[in-house]
Amino acid sequence: MPITAVSGEDEFLRSEEVGKALESAGGAEVIRIDGDAEPVELSGVLDELRMRSLFTARKAVVIEGAKFLAQNAKQLADYILKESPALQDVVLVISAERVPAVVAKAAAKAGELREVRRMFATDYLTGQPSAGSPFGRWIAARARAMGMKLDAEAVVRAIEASGENTRAAAGLLDALALTGKGVKTAGDVEALSGSAGAAVPYRLEDAVLDADVAAALSLVDSAYRNGIQTFERHTQSEGTITAMLLRVLVQCTVNLVKLNEDASEEAAKAMRLHKARRGRYMAALKRLRGMLHELLDDAFRAEFAFKAGVMGGREMIEWLAARLCGIRGRSPESFGEALARR
């Protein structure tokens with residue numbers, strides 16, 4: 001059984017490493033199990049590992065949840081060392097901020113252990129953002145992989161624009177890549193990030209996903225007060241700012257709906273482990289799907305109200321951002337959690 005364990009506190013970098021591990025599975029059916037959110041037992045998880053996929057030649061199982069892993073560390077490590085070699089059609093990926101030492105050791109012996117570390121962005125002596133820092137080197141290397149070359153000043157500006165956040169930095173580089181390959185200067189980064197409050201769309205998306213309504217409304221306020229950056233120029237046009245932030249929030253809504261629908265498919269497979277709770281699961285699933293699709297309808301209604309002059313642009317954006325954060329804060333991370341709350 002191909003095995004990969006990913007450990008580290010940066011969730012974005014962990015998710016990328018998990019994605020790389022799944023790519024090696026070659027189109028396998030993917031089962032995701034969050035042991036901290038779903039009411040599952042280790043025995044059920046191990047049964048899932050032993051079962052062949054009904055749909056594809058191979059199956060990939062992703063196990064997450066630091067608490068779950070810590071509680072079942074020895075049994076999981078024993079399984080990896082003793083049983084996993086016989087299961088060549090299953091790929092196991094373990095991901096957590098801290099993978100228990102015994103599990104990490106077993107994974108390293110039977111497969112691969114990948115560690116992602118928090119990258120500092122400042123110079124040790126000056127305390128200022130530095131292109132030579134680990135975070136600066138990561139930005140430069142990622143840019144090179146995308147066909148771009150950032151000079152030192154551009155790297156520093158990207159560090160400042162992203163707020164030393166890997167997800168925001170990756171989004172900024174994605175946007176920069178849309179302007180073409182080749183050498184990129186600090187001015188090119190500045191043209192995308194703006195002089196005040198850089199990378200607002202990416203930070204707003206993160207705030208919504210974190211259900212941080214205060215941060216989301218602060219970013220909206222900053223955008224309307226200081227302006228925002230389009231691909232062409234920095235602008236303070238209220239109409240342009242409204243249109244750009246609306247696109248971000250509508251996409252956030254779509255992503256939340258898709259996220260929970262994907263989770264529902266995985267949870268449906270996991271119901272083989274919890275047949276007695278099928279009725280309760282279906283009721284929780286129906287309520288949550290209804291809530292999320294209602295939210296998507298609200299997003300489009302808000303846009304219509306704005307275009308009809310019933311609601312101002314900023315008022316619409318603030319209302320929708322707060323509504324999204326509220327839904328995200330109340331909606332469970334998984335349908336297993338929805339069951340647990342009943």
Side-chain angles (χ1 to χ4, degrees), residues 6 8 10-23 116 118-119 121 129 131 133-210 212 215-216 219-220 222-223 227-235 240-241 243-259 262 317 321 324 328:
V6 184
D10 191 306
E11 185 178 356
F12 175 73
L13 295 180
R14 280 208 322 272
S15 68
E16 287 207 321
E17 290 299 325
V18 169
K20 292 175 184 177
L22 292 178
E23 285 178 8
V116 295
R118 181 172 179 267
M119 296 179 291
S133 65
F135 191 52
R137 293 196 299 270
W138 177 81
I139 289 175
R142 194 179 183 93
R144 284 195 300 272
M146 301 170 72
M148 300 181 292
K149 182 179 180 181
L150 272 61
D151 61 29
E153 290 186 13
V155 172
V156 170
R157 187 66 190 97
I159 292 173
E160 295 171 343
S162 63
E164 303 182 21
N165 179 287
T166 51
R167 187 184 298 277
L172 183 60
L173 290 176
D174 288 342
L176 195 61
L178 294 176
T179 66
K181 297 183 179 181
V183 177
K184 303 296 179 182
T185 66
D188 296 321
V189 178
E190 182 76 23
L192 285 177
S193 61
S195 58
V200 168
Y202 308 113
R203 292 184 177 183
L204 180 58
E205 183 176 3
D206 281 344
V208 169
L209 292 177
D210 290 339
D212 190 340
L219 286 165
V220 171
S222 174
I228 203 169
Q229 191 68 35
T230 66
F231 286 118
E232 295 84 14
R233 66 188 187 283
H234 186 266
T235 180
T240 303
I241 293 170
M244 184 173 243
L245 295 187
L246 180 62
R247 283 198 300 272
V248 171
L249 293 175
V250 169
Q251 188 59 51
C252 279
T253 308
V254 173
N255 289 343
L256 285 176
V257 173
K258 182 69 166 60
L259 177 70
D262 287 347
I317 294 297
L324 274 167
R328 178 62 172 165

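Here the structure is a predicted model, which is why all the values come from computation and not from measurement. Residue numbers count from 1 along this sequence.
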Asker: Considering non-hydrogen atoms only, spot the tightest contact between Met148 and Leu173 and give its length.
Answerer: CE-O, 3.7 Å

Asker: With sequence neighbours left out, write down each residue that passes salt bridge (Lys or Arg N to Asp or Glu O under 4.0 Å) with Arg142, or none if nothing qualifies.
Answerer: Glu16

Asker: Quick one: which residue pairs count as a side chain to side chain donor-acceptor pair (under 3.5 Å) with a foot in residues 143-154, not counting sequence neighbours?
Answerer: none

Asker: Is Glu160 salt-bridged to Arg157, cutoff N-O under 4.0 Å?
Answerer: yes

Asker: Just do the side-chain contact (heavy atoms from CB on, under 4.5 Å) check on Leu13 and Arg118 with the steps written out, would you?
Answerer: CA-CA 9 Å; Leu13 295 180; Arg118 181 172 179 267; over 6 Å; no

Asker: In plain terms, say whether Glu17 and Lys20 are close enough for a salt bridge, that is, a side-chain N and a carboxylate O under 4.0 Å apart.
Answerer: yes

Asker: Not counting sequence neighbours, which residues clear side chain to side chain contact (heavy atoms under 4.5 Å, CB included) with Val18? List them please.
Answerer: Val6, Leu22, Arg32, Val62, Val93, Ser95

Asker: Side chain of Asp188, backbone of Thr185: donor and acceptor closer than 3.5 Å?
Answerer: yes

Asker: Let me see the working for Leu150 and Lys184 under side-chain contact (heavy atoms from CB on, under 4.5 Å), right down to the final yes or no.
Answerer: CA-CA 5 Å; Leu150 272 61; Lys184 303 296 179 182; 4.0 Å; yes

Asker: Looking at Met119 and Pro134, what are the two nearest heavy atoms and their distance?
Answerer: SD-O, 3.9 Å

Asker: Ignoring hydrogens, what is the shortest heavy-atom contact between Pro129 and Ile159? Give both atom names and the distance.
Answerer: CB-CG2, 3.9 Å

Asker: Out of curiosity, Leu249 CG to Leu204 CG, how far, rounded to the nearest 0.5 Å?
Answerer: 5.0 Å

Asker: So do Thr166 and Glu11 actually touch side chain to side chain, heavy atoms under 4.5 Å?
Answerer: no

Asker: List the atom of Ser133, the atom of Ala121, and the distance in Å for their closest heavy-atom pair.
Answerer: OG-O, 3.2 Å

Asker: Nearest 0.5 angstrom please: Phe135 CZ to Asp10 CG, how far?
Answerer: 8.5 Å

Asker: Please report the shortest heavy-atom distance between Ala154 and Ala186, naming the atom on each side.
Answerer: CB-N, 3.5 Å

